[in-house]
Amino acid sequence: MTASSSSTELYPDTKEAVATVREHTDRSPEIALVLGSGLGDLAEAAEDTVHIATTDIPGYPHSTVAGHAGELVFGEIEGVSVVFVRGRVHLYEGHPVRAVSFPIRLVRALGAKRLMVTNAAGGINPRCTPGTLMFITDHINFAFANPLVGPNDPGGPRFPDMSAPYDPEWVDRAEALALANGIPTERGTYLWTRGPSYETKAEIQAYKYLGGDAVGMSTVPEVIQAQHAGMQVIGISTITNLAAGLGHEYLDHDDVLEVGKSIRNTLEQLVRLILKDLAADRQ
Ligand code: HPA
C-alpha cells in the first residue's frame, strides 16, 4: 500500500485532513517531529518548506497555549523528509484525548513511519537537573486517559503492546551519537500528568516512588497513538526545572520557556545528528 493513497483507511477520521494537506503537497515525510514548549524553532531551519496552518485542516484541534504556533511544516533537514507538528495540543486545554493524538494519526496517514517527540519536563530524578536532555525510555500514564479508547481504528491492533514504545535500538544509537559529539544526556521514565496545575510536593514524592524520573503534561497520548500505528518513536525531554518541592522556587511557565530556550541549540544539534544518522542509514 502506498502511504499517500490508501493510508487514510488506517485512520478514517483523518480523511478530510489528508485531502486538504494533499492540496498543498504530495510529500510523504519519513519522520514527524513534535517539538515541545519553546523548542519549536528547528522548523525555521528546514529547507524547501511547505507550511499549512492547522486552522485550515479539517478536524485538527486548536492549540490555546502561548508558544505553540499551529502549523504543519513539511521540509528537508539533513537530507531527510520531515514534517514538523508545530502547536501540539494538550489534554489540559480541554481537548478530548482523541483530539490530542489526531496529529499523529494524520502524519501517519500522510506516510510518516517514525516519530520524534520532545517536551519540557520537571526533573524528579536528581540526575535530571535543569538543562538536562533526557532520552525517554519508558513512561507512566498518570493522566489515565488513552487515545485508543473507542472503536478500534484499522491502523493497528485492539490491544497494542506497550513494552517498548520508545525504540530501544534507536535510543542506543542516538545516545552514542550524543556522546561522540560531546552532548551529555540522561535516560529515564517520563510520567504524564493531566495538568494544567503543576504538581504538589507530595505528588512529586509519590511519582518518585512510582519510578518517574521526569514529569510533564504531554507526549504520552501521542506515543500511545504512534505505537498503535506501528511507528518507531524516539522521545527527548528537556528538563526545564526541578519538580515541585525539589528546588526552592515557585514554578512559572515563563521560566520553563526560558530554560527551554537556553538548551534549544543543544537539542537542535542532537536532533540534527539523529536525522543525519537516519539519512546515512538509508544509504
Ligand atoms: N511539571 C509538569 N510539567 C512540566 C514541568 C513540571 O515541573 N516542567 C515543564 N513541564
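First listed ligand is number 1; within each ligand, the first listed atom is number 1.
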For Glu268, is there an ion pair with Arg272 - N to carboxylate O distance below 4.0 angstrom?
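Yes, charged N to carboxylate O under 4.0 Å.
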
In order of chain and number, which residues sit within 4.0 Å of ligand 1 by heavy atom?
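Under the 4.0 Å cut-off, ligand 1 touches Ala120, Ala121, Gly122, Tyr198, Glu199, Val215, Gly216, Met217, Thr240, Asn241, Leu251, Val256.
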
Taking the side chain as every heavy atom from C-beta outward, state whether Thr137 and Pro168 have any pair of such atoms under 4.5 Å apart.
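A side-chain contact is absent here, since even the closest heavy-atom pair is not under 4.5 Å.
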
Please give me the minimum heavy-atom distance between Ile239 and Cys128, naming the atom from each residue.
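Between these two residues, the closest heavy atoms are CG2-O, 3.4 Å.
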
With sequence neighbours left out, write down each residue that passes side-chain hydrogen bond (donor to acceptor under 3.5 Å, both in side chains) with Glu222, or none if nothing qualifies.
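By the side-chain hydrogen bond (donor to acceptor under 3.5 Å, both in side chains) rule, Glu222 matches Arg88.
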
For Tyr60, which residues count as a ring pair (Phe, Tyr, Trp, His ring centres under 6.0 Å) partner, sequence neighbours excluded?
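If we apply the ring pair (Phe, Tyr, Trp, His ring centres under 6.0 Å) test to Tyr60, skipping adjacent residues, the hits are Phe102.
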
Name each donor-acceptor pair under 3.5 Å that joins a side chain in residues 144-151 to protein atoms two or more places apart or in another chain, with its distance.
unit_1, atom_1, unit_2, atom_2, d
Asn146, OD1, Leu148, N, 2.9

